[in-house]
Protein chains: 2
Amino acid sequence: MTQITIFVFMNLNDFYEKGAQLFLPNLSVDLVIIGYTDSKLKCLLLQLGDKWILPGGYILRTESVDDATLRILQERTGLDDPHFKFLSVFGGKDRKFTEEWRQFFKINNLPFKEDYWTNDRFVTLAYYSLVDFESTTPVIGNLDTAFGWFDLDQLPNMMMDHKEIVLTAKERLKEDVRHEYLSYNLLAEDFTMPQLHQLHQTILGEELDRSRFQKKMLASGMFERLPKLQTDSPGRKPYLYRVKKD
Amino acid sequence: MTQITIFVFMNLNDFYEKGAQLFLPNLSVDLVIIGYTDSKLKCLLLQLGDKWILPGGYILRTESVDDATLRILQERTGLDDPHFKFLSVFGGKDRKFTEEWRQFFKINNLPFKEDYWTNDRFVTLAYYSLVDFESTTPVIGNLDTAFGWFDLDQLPNMMMDHKEIVLTAKERLKEDVRHEYLSYNLLAEDFTMPQLHQLHQTILGEELDRSRFQKKMLASGMFERLPKLQTDSPGRKPYLYRVKKD
DNA sequence: CCAAAAGTGTTATGGCTACACCCATGT
DNA sequence: ACATGGGTGTAGCCATAACACTTTTGG
């Protein structure tokens, strides 16, 4: 499969020279893309130089903020219709990447100009997205050297306030999962209650009564029961469930 | 008292010619300032031409988004330490005021240029603020001809998506008041439980059991009881309460 | 048969609902 | 005295907590 870059329509030089005409300047979107595997929450990060950053992008003048978020998310994950939710605005007064970019351009022998629009101060709109780890195929950008899924409890050295953004998402997820049924976005289409139960325990970082959890979920009426899952492990076979669509 | 304008440091011409250097372009802050009087929720609006708009402003390059919000709020209300809370991002793809400004400039015989930075597309960060109606002294801007407190159920003709922003705030307030104790920001420092009770009923648009409400509030432990209020109305005198500060 | 895993049931408790009752004060 | 308005009490109900019990399946 060919690798797609996020700036499909322009080369890197054009991006720096003409980007300010195409995108809204001083404004960006950052995504906390969260997956779940091996009973752990993972966050998708990209490597830039010796640090890690959140996937993100800029808003085209011709698209709404939501359109931009969806587009960037699709470009980065390969998913058709990913879940996402607004997290917070990060608008610190010295929020700029000048030094990081300068270093990066130097190391990679790229032409650098102090007045590139990307060196200006940025306000970022942070969103979080809950994705099925298995069906997500991360895509790196022009400048990134790698992607990685990091445990939310073991984050690497990150650029600027990006670690703070991830931790905000982690806390927000805890709050949201108590009020809304959104956690299923982290699982495949069909899942069992024990899986959902374990997921909630991981998100909240505490034990939840099995019995109560199951009854509460079923009482919500938003899951439909499917045939039992067949495995070769010992013990009773759990039912599969799926979110009712309507 | 002399009237203060929001752009204390520059004249109108400079604002249009040089504003883009001082402020972050394509980004604004809009405020839904909500007060409570006569058992009704009121929203502070400013008149611009024949329409009404939300008070708002732009973010200085030297200040954080929160600083800007607080500054604008203080300038507009005269309050020292007003409450405010992030509401939502409004980022529609055609969100610009060009025609409105053109008309307004024409009517007022002001020089108008198509390429003023304020004619560009804007993403706005909407905040809502709950203020004590009595101690708020609204201040109009350079271009506004009047201010007004409008009943949330009887909003006037408003510019662009500003009415949608107000209605979003109204709904958000309903949600928030069920989870958090923030409604007291709408009252004076000392208030009675019947007053707080009526306020909640107004916000939620439904009747709430008097008994239950009182017990719930007192059980929260966040209010301290003061001497009874003296009035000349018939009936028992209610206690005054104040939010405990710790 | 036993251990493991999933599903269901039972009792206690705490908060919420709805209403009744009691207290204080002006006319 | 009584109307008005504020404060508190109580019985029923429902969701949750804690834990016990039963069912299914592999070894």
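Per chain, numbering begins at 1; letters A, B, ... match sequence-line order. Owing to the predicted nature of the structure, the values given are computational and were not obtained by experimental measurement.
Distance A/K216 NZ to C/dG9 C1': 19 Å, rounded to the nearest Å. Following rounding to the nearest Å, A/Q198 (CD) and C/dA4 (P) show an atom-to-atom distance of 18 Å. As rounded to whole Å, 16 Å separates atom P of D/dC14 from atom NZ of A/K215. Residue B/R210 contributes atom CZ, which lies 11 Å from atom C1' of C/dC22 at whole-angstrom precision. Distance, A/H200 NE2 to D/dT16 P: 14 Å, rounded to whole Å. Between the P atom of D/dG6 and the CE atom of B/M193 lies a distance of 13 Å, rounded to the nearest Å. The distance between atom CG of B/L196 and atom C1' of D/dG7, rounded to the nearest whole Å, is 15 Å. In this structure, B/F223 places its CZ atom 14 Å from P of D/dG7, rounding to the nearest Å.
With ring centers used as reference points, B/F86 lies under 6.0 Å from A/F86.
A donor-acceptor pair is defined here as one N or O able to donate and one able to accept, closer than 3.5 Å; such a pair exists between the side chain of B/H197 and the backbone of B/L208. In terms of modelled atom types and a separation under 3.5 Å, the side chain of B/Q154 and the main chain of B/D151 share no donor-acceptor contact. One N or O on the side chain of B/S129 and one on the backbone of B/H83 form a donor-acceptor pair closer than 3.5 Å. In this structure a side-chain-to-backbone donor-acceptor pair under 3.5 Å is missing from A/R225 to A/Y239.
Comparing C/dT8, C/dG7, D/dT16 by their closest approach to the side chain of A/L218 singles out C/dT8. Here C/dG7 is the nucleotide among D/dG6, C/dG7, D/dG9 with the atom lying nearest to any side-chain atom of A/Y239. Closest approach to the B/R225 side chain among D/dA18, D/dG7, C/dC19 is made by D/dG7 (side chain taken as heavy atoms from C-beta onward). Taking every side-chain heavy atom of B/P194 into account, D/dG7 is the closest of D/dG7, C/dA18, C/dA6.
Side-chain N/O atoms of B/Q214 include one lying less than 4.0 angstrom from OP1 or OP2 on D/dT8.
At a threshold of 4.5 Å between non-hydrogen side-chain atoms, the residues B/L167 and B/L155 count as touching.
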Could you list, one pair per line, each protein nitrogen or oxygen that sits under 3.5 Å from a nitrogen or oxygen of nucleotides 25-27 of chain D, together with the distance?
{"from": "D/dT25", "atom 1": "O3'", "to": "A/K237", "atom 2": "NZ", "distance (Å)": "3.3"}
{"from": "D/dT25", "atom 1": "O2", "to": "A/G235", "atom 2": "N", "distance (Å)": "3.3"}

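Below the 3.5 angstrom threshold, one finds no donor paired with an acceptor across the side chain of A/S211 and the base of C/dG7.
When only modelled atom types and interatomic distance are considered, A/T136 and A/T77 share no side-chain donor-acceptor pair under 3.5 Å.
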